[in-house]
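The analysis underlying the following values was restricted to heavy atoms, covering all of them including side chains, and did not include hydrogens, waters or symmetry mates.
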Amino acid sequence: MNFFKIKTSWSNAELIVLKLCISSAYILIGTYFHNYFHDYYAPVLVVFSITVIWSLYLWLNKIKTGKQK
């Protein structure tokens, strides 16, 4: 499987989306265990969902354009 051997380059703007996705996942895990963030569960879930979809779209786009070259 060559899936993990695919090389892509990411700009800083695209990495912001990926980092936001990862950080919102950490916050979601934290909200499960702590009541302090309980009020923010829905907004963080929305941000996480949007950034996951956005990151996957950017990543698949990069793979697709890399294979066409």
Side-chain angles (χ1 to χ4, degrees):
M1 177 191 279
N2 292 329
F3 181 72
F4 293 109
K5 294 181 181 180
I6 297 173
K7 301 220 184 269
T8 61
S9 62
W10 289 75
S11 69
N12 287 335
E14 292 167 338
L15 282 175
I16 290 171
V17 176
L18 185 63
K19 289 178 181 181
L20 184 60
C21 174
I22 292 169
S23 64
S24 59
Y26 285 136
I27 292 172
L28 277 175
I29 292 169
T31 59
Y32 183 77
F33 294 108
H34 297 288
N35 290 331
Y36 179 73
F37 292 107
H38 184 68
D39 296 335
Y40 305 109
Y41 188 74
V44 170
L45 185 62
V46 169
V47 169
F48 175 69
S49 301
I50 290 170
T51 55
V52 162
I53 293 168
W54 195 358
S55 296
L56 286 175
Y57 171 76
L58 290 172
W59 184 44
L60 292 174
N61 233 2
K62 288 231 177 249
I63 290 174
K64 185 174 156 183
T65 57
K67 287 185 178 182
Q68 290 177 355
K69 289 183 179 181

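Residue V46 is not grouped with residue V17 when hydrophobic side chains (ILVMFWY) are merged at heavy-atom distances under 4.5 angstrom, including chains of intermediate members. No chain of hydrophobic side-chain contacts below 4.5 Å, direct or via other Ile, Leu, Val, Met, Phe, Trp or Tyr residues, connects V47 to Y57. Note on V52 and I63: same hydrophobic cluster, where clusters join Ile, Leu, Val, Met, Phe, Trp and Tyr whose side-chain heavy atoms are under 4.5 Å apart, directly or indirectly. Transitive grouping of hydrophobic side chains (ILVMFWY, heavy atoms separated by less than 4.5 Å) keeps I53 and F48 in distinct clusters.
Interatomic distance, CG of L15 versus OG of S55, reported as 9.5 Å (0.5 Å rounding). How far CG of L45 is from OG of S24: 9.0 Å, rounded to the nearest 0.5 Å.
Checking each of L56, L20, I22 against T51 for a side-chain contact (heavy atoms from CB on, under 4.5 Å) leaves exactly one that passes, namely L20.
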